[in-house]
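Take a look at the structure below.
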Amino acid sequence: MSHPEPRPLTLSARGPLRGTVTVPGDKSISHRSLMFSALAVGESRIEGLLEGEDVLATAAAMRAMGADVTRDEDGVWRVHGVGVGGLLQPQAALDMGNSGTSTRLLMGLVASHPITATFTGDGSLSGRPMGRVIEPLSRMGADITASPGGRLPLMVRGLNPAVPIEYTLPVASAQVKSAVLLAGLNTPGITRVIEPVPTRDHSERMLRGFGADLRIEDGADGKIISITGEAELKPQHIVVPGDPSSAGFWMVAASIVPGSEILIRNVCMNPTRAGLITALKLMGADISEIDAREMGGEAVADLRVRHAPLSAIEVPPALAPSMIDEYPILFVAAAFAQGRTVARGAHELRVKESDRIATMRIALEAAGVSTIEHEDGLTIEGSGGELLPGAAHIASKLDHRIAMSMAIAGLGARRAITIDDVSPVATSYPGFFGVMESLLVA
Ligand code: S3P
């Protein structure tokens, strides 16, 4: 799971992108497919699973806790679950690699099982705050010993039976929401999460699909999500839709490089994930949805993206939860827009795989873009469609989305941009550079 050998990469402008791309399966849905299948009784089948390192870390952890997880030659994954309450004591520490989603959701699962698990991760993950899940899970009775600052490595000693809680999310985080709901799955009674600001709702949709008794109501302080514990999950056949976060790189690449026209197939259009499309359209991007349809409880469409001159906007802060992973690539779009884009209200970017506000500010400045750093975002002076000066060395800071965003920026740079290490791209989009090549020569 670690990347001992940094893999540098150098790029500069290479002409338009053309052709069709099918992005890999959605990362959030892939993690949840494996976890929920591992808790169902019987065999689930998963098609289109993202085979990135983060999801493979989840697969390995579910195996370590007793599920039988295999991959057929045709790429279909089969999971024989142990049933809610049936997770086994892992024999070694669970290596979560770079994956915050694996860590926080699995901490929730362990919290209400009679097992103890140690979680370790890479340098990036070991710097990320886990207090946000430690707090509610401790209230449910889990005994959690973390490294200083509530960080990894940490150990979760589950309590069985755990205590149901009502928890109002202090940060807009689908990971915290999901950690509490997953702990609630094996907790007698009703566990409630109150979500003042909506975040991605894949856990809710999928848990219902697996047969859990999960209710959602509107309350005075936001959505109230209630799960009835000691649930029995039924095995499913899941088809994972394409990852809108991965699609975002190609949306921006085609928008900023003149002469580009691409079709991105099979993109998950769940409204809690669609903020980047909204923001790019506000900037004047030419993105059209084709063949909107439903796949496994999620809205899906193909997206046709043509180059278009972009204009600066004030990015509506209300979009933040629905495009939280897309800010780095939105910042790249802003670097090519006419005028000054202001993106605020995204403080959570400070605690992602890297501090994405500082990392992108440094990267864009190095490539010749003027920026102003705010506590909760960036102001970016766009080039008005001109190539960026480039001639930059970029530190990707073990952050896949920084590496991919700056690679796209490289496609609009006069002189080369060198990224110090693109190996973290394998955590979420192993085929990224192959797809880039195919779109550039098509
Ligand atoms: C995710 C939730 C988001 C997101 C992450 C995936 C999930 O994190 O940034 O990439 O699958 O639940 P937060 O919950 O920390 O906002």
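It should be emphasised that the depicted structure is a prediction, and the values quoted were computed from it without experimental measurement. Each ligand, and each atom within it, is numbered from 1 in the order the structure gives.
In terms of the side-chain contact (heavy atoms from CB on, under 4.5 Å) criterion, residue partners of Thr379 (sequence neighbours excluded) are, by chain and number, Arg340, Val342, Ile372, His374. Scored by the side-chain contact (heavy atoms from CB on, under 4.5 Å) test, Ala392 finds Ala366, Ala367, Ile394, Ile417 as partners (sequence neighbours excluded).
A donor-acceptor pair shorter than 3.5 Å can be found between the side chains of His400 and Ser428.
Within the 4.5 Å cutoff, the side chain of Lys177 has heavy atoms near those of the Glu204 side chain.
Between Phe432 and Tyr429, the ring-plane angle classifies as perpendicular under the 30° and 60° cut-offs.
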Would you be so kind as to tabulate the donor-acceptor pairs closer than 3.5 Å made by side chains of residues 104-115, with sequence neighbours excluded?
unit_1: Arg104; atom_1: NH1; unit_2: Gln175; atom_2: OE1; d: 2.4
unit_1: Arg104; atom_1: NH2; unit_2: Pro129; atom_2: O; d: 2.7
unit_1: Ser112; atom_1: OG; unit_2: Ala183; atom_2: O; d: 2.9
unit_1: His113; atom_1: ND1; unit_2: Leu109; atom_2: O; d: 2.9
unit_1: His113; atom_1: NE2; unit_2: Gly85; atom_2: N; d: 2.9

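Ligand 1 lies under 4.0 Å from heavy atoms of Ser28, Arg32, Thr101, Arg104, Ala172, Ser173, Ala174, Gln175, Arg200, Ile324, Asp325, Lys352.
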